[in-house]
Amino acid sequence: MTAADGPPTPAAGDLGDGAMGNGTIAARLTELADLLEIADANPFRVRAYRSAARTFKGLPKPAAELLIAGTPLTSLKGVGKDLAANVATLLQTGTFDSLEQARDAIPPGVRTMLRLPGLGPKKVGAIFRDLGVDTLEGLEAAIADGSLAGLPGFGKKTGETVLKNLALVREGIARSLLARSLPIAESLADAVRAAAGTTACEPVGSVRRRRETVGDVDLSAASTDPPAAVEAFCTHPLVVEIVERTERTARVRLTVDPGRPTDAELVVNAPAAWGAGLILGTGSKMHVAALRDWLSAADLTLGDDGLRRDGALVDSRTEEAVYAAAGVAFIPPELREGGNGVLRVADLERGGGLPELIAQGDLKGDLHMHTTASDGAGTIREMAAAAKERGLSYIAITDHSKRVTMANGLDADRLRAHWRAIDAANVTTRGVRILKGIECDILEDATLDLPDDVLADADWVVAVLHYGLGQPREQIMKRLTTALESPHVDCIGHPSGRLIGKRPGADIDWDAFLDRAASTGTLLEINAAPERLDLSAEYARAAADRGIPIVINTDAHAPSAVGAATWGVYQARRAGLTADAVANTRDWPAMKALLKRD
DNA sequence: GCCGTTTTCGGCCCGACTGTTTTCAGTCG
């Protein structure tokens with residue numbers, strides 16, 4: 001399903017050069033739709049803004065380029081005179097009148113409440129208008145003193161659900177998705193790299209470890225002229241406030257999304273200590289502490305002025321040199337989460353070393369994507385062409401099954417017709433094999449959304465939970481077991497159904513689930529959508545340990561997203577997966593041999 | 001607010017579930 005209301009993911013052209021990207025346009029339109037809906041505006045006006053947001057998000061080219069090329073925005077689907085004018089103003093000035101009016105009418109904290117599962121715009125509107133509550137804290141108080149339950153349409157359960165999810169939502173506000181933070185960090189790093197005397201600059205901290213979410217954005221640099229690097233950092237266009245600044249460090253506040261400030265920090269070291277500074281900046285704290293133990297066994301101390309023995313500088317120009325001095329192989333940043341364990345595996349004296357992790361570019365297929373037949377923006381042929389451009393040799397078209405009515409899910413007849421269209425596309429498509437697939441819902445009553453004889457004719461079936469994620473563990477397990485035991489289900493997609501910072505996943509008995517996946521020969525997906533990353537690294541590791549082949553898929557809803565599995569590959573690396581552990585690093589015949597249907 | 005006209009308003013993706021009710025509005029996807 002689409003996640004049109006997620007935080008904007010800044011695209012490459014969205015930072016630094018001043019032009020607002022389609023992601024940000026979509027975010028502003030969605031913001032206005034939310035505010036209007038809370039204010040109880042005409043629902044069709046709200047829908048117009050939402051549908052326009054989807055249109056802009058799915059555009060192959062930045063809207064600003066269209067305008068420059070003289071293409072009127074009114075030529076876009078769902079964009080009329082008013083919306084075109086608003087977006088043009090947005091591009092020129094960073095905002096537009098009706099957005100500002102709506103922001104004046106509804107405090108930012110009110111929109112935040114929409115992130116809570118169970119609270120929609122109508123309820124949030126009632127909370128704001130009838131109780132005057134406009135923060136999460138105020139909401140918590142209103143539950144405690146019983147005033148929330150006193151509102152018409154509210155009861156005991158509403159408050160309970162809110163309290164259950166409050167911590168998750170608060171964390172979602174405090175921390176950004178990696179997909180949002182990494183481009184910001186790279187843009188800042190580019191500015192520092194361009195400064196005189198800078199020899200290197202990298203994003204460090206949780207960004208470099210590719211954590212799912214990121215608090216502050218940290219950078220490490222090496223330079224012969226630290227003040228120049230600090231100056232370049234502080235004058236980046238995203239910086240709105242310099243919180244703290246020294247000769248070789250700076251802490252700044254950025255504005256990317258109003259109401260959600262992000263802090264960024266730069267530390268500049270001498271080029272001779274680049275590797276040492278990079279390790280300290282990257283962390284994690286536990287990893288650095290464990291590494292220091294290993295170094296101290298060799299009478300070495302690690303500081304951001306370099307690696308030293310008896311005060312004398314030891315080679316610490318690179319991370320490799322520092323790890324070598326500790327007697328261990330280089331440890332990729334994604335594996336620096338824990339303490340001593342990874343260092344023991346990497347112990348060179350015992351002939352240790354780490355397996356080579358899967359890399360961006362290793363994937364040969366993408367087996368979860370949508371077309372215009374359900375809620376995607378591209379046709380079968382467009383998705384195939386995009387896959388070819390990305391260097392993939394096969395894709396599976398997996399539109400929604402009929403239960404997902406809002407996404408125009410397919411029943412058996414429409415699905416079979418869709419598959420005939422895929423057959424036809426395969427005849428004329430060179431270089432990419434298009435597989436006949438389906439994203440089949442596992443219904444609340446633990447049956448599959450399509451009959452067996454239909455599923456049997458698919459090349460590839462991804463079964464998923466979309467609805468009833470809050471069911472008790474027993475029923476969730478019954479549903480997953482149905483899917484795992486079906487001879488026609490090849491893979492479970494986004495197994496938990498979580499949305500990071502928004503919605504907890506289903507209550508799964510993971511040991512039982514993974515054991516059953518292994519015994520039935522069912523593959524498991526790492527869904528690469530930044531707000532899903534589902535399986536998590538923890539369970540992807542546990543799955544791989546059981547020999548379950550992992551599949552990394554994009555869940556693309558537009559041609560531009562086909563094969564863009566960046567975040568999923570990072571997640572797999574954090575799970576310590578090699579290319580071999582991931583099924584779709586193989587070509588299709590080899591991958592097909594892994595399926596239970598073969 | 002958009003669209004599509006039998007040109008200027010009336011219709012605009014939907015089905016199931018949940019928690020609130022006592023017949024249904026709001027939420028979800």
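Lettering follows sequence order; numbering is per chain, from 1. Reckoned from all heavy atoms, side chains included, excluding hydrogens, waters and symmetry mates.
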(Q) Walk along nucleotides 18-25 of chain B from 5' to 3' and tag each nucleotide B, S or - by protein heavy-atom contact under 4.0 Å, base first, then sugar-phosphate. (A) -SS-----

Q. Counting only non-hydrogen atoms, which of residues 135-148 of chain A are less than 4.0 Å from DNA chain B?
A.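 Per residue number, the list is empty: none.
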
Q) Considering the options Tyr539(A), Phe513(A), Trp510(A), which one meets the side-chain contact (heavy atoms from CB on, under 4.5 Å) requirement together with Ser496(A)? A)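 By the side-chain contact (heavy atoms from CB on, under 4.5 Å) criterion, Ser496(A) pairs with just one of Tyr539(A), Phe513(A), Trp510(A): Trp510(A).
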
Q: For a side-chain contact (heavy atoms from CB on, under 4.5 Å) with Gln571(A), tell me which candidate from Thr566(A), Leu533(A), Ile550(A), Asp534(A) qualifies.
A: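 Option passing the side-chain contact (heavy atoms from CB on, under 4.5 Å) with Gln571(A): Leu533(A).
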
Below 3.5 Å, can you tabulate the donor-acceptor pairs from side chains in residues 162-171 of chain A to any protein atom, sequence neighbours excluded?
{"unit_1": "Asn165(A)", "atom_1": "ND2", "unit_2": "Thr161(A)", "atom_2": "O", "d": "3.0"}
{"unit_1": "Arg170(A)", "atom_1": "NH2", "unit_2": "Glu137(A)", "atom_2": "OE2", "d": "3.4"}
{"unit_1": "Arg170(A)", "atom_1": "NH2", "unit_2": "Glu140(A)", "atom_2": "OE1", "d": "3.0"}

May I have the distance from [X] (atom [atom1]) to [N] (atom [atom2]), rounded to whole angstrom?
{"X": "Arg50(A)", "N": "dC28(B)", "atom1": "CZ", "atom2": "C1'", "result": "12 Å"}
{"X": "Asp97(A)", "N": "dG1(B)", "atom1": "CG", "atom2": "P", "result": "12 Å"}
{"X": "Leu76(A)", "N": "dG1(B)", "atom1": "CG", "atom2": "P", "result": "18 Å"}
{"X": "Leu114(A)", "N": "dC28(B)", "atom1": "CG", "atom2": "C1'", "result": "13 Å"}
{"X": "Asn165(A)", "N": "dT27(B)", "atom1": "CG", "atom2": "P", "result": "15 Å"}
{"X": "Phe56(A)", "N": "dG1(B)", "atom1": "CZ", "atom2": "P", "result": "15 Å"}
{"X": "Asp375(A)", "N": "dC28(B)", "atom1": "CG", "atom2": "C1'", "result": "14 Å"}

Q) Under 3.5 Å, is there a donor-acceptor pair linking the side chains of Ser176(A) and Arg180(A)? A)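 Judged by distance alone, the side chains do pair up.
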
Q: Go through the side-chain N and O atoms of Thr520(A) and Thr522(A) and say whether any donor and acceptor fall under 3.5 Å apart.
A: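 There is such a pair between these side chains.
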
Mind checking the [atom1] distance from [N] to [M]? Whole angstroms is fine.
{"N": "dG15(B)", "M": "dG10(B)", "atom1": "C1'", "value": "24 Å"}
{"N": "dG4(B)", "M": "dC13(B)", "atom1": "P", "value": "11 Å"}
{"N": "dC12(B)", "M": "dT5(B)", "atom1": "C1'", "value": "14 Å"}
{"N": "dG11(B)", "M": "dT18(B)", "atom1": "C1'", "value": "29 Å"}
{"N": "dC3(B)", "M": "dT8(B)", "atom1": "C1'", "value": "12 Å"}
{"N": "dT20(B)", "M": "dG26(B)", "atom1": "C1'", "value": "10 Å"}
{"N": "dG1(B)", "M": "dT6(B)", "atom1": "P", "value": "26 Å"}

**Q.** Torsion-based syn/anti label for dT18(B), 90° from 0 as limit
**A.**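 Here the answer is anti: the torsion falls beyond 90° from 0.
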
Q.
Only pairs with both distances under 3.5 Å count, Watson-Crick or wobble alike; so what is the partner of dC2(B) in this structure?
A.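 Looking at the geometry, dC2(B) pairs with dG11(B).
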
Q: Sequence neighbours left out, what passes ring-ring contact (aromatic ring centres under 6.0 Å, His included) with Tyr570(A)? Give chain and number order.
A: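 With sequence neighbours excluded, Tyr570(A) shows a ring-ring contact (aromatic ring centres under 6.0 Å, His included) to Trp567(A), given in chain and number order.
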
Under-3.5 Å N/O pairs linking protein and nucleotides 10-16 of chain B:
{"unit_1": "dC14(B)", "atom_1": "O2", "unit_2": "Thr405(A)", "atom_2": "OG1", "d": "3.2"}

Q. Quick one: side-chain contact (heavy atoms from CB on, under 4.5 Å) partners of Ala64(A), sequence neighbours excluded?
A.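 Result, side-chain contact (heavy atoms from CB on, under 4.5 Å) vs Ala64(A): Leu91(A).
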
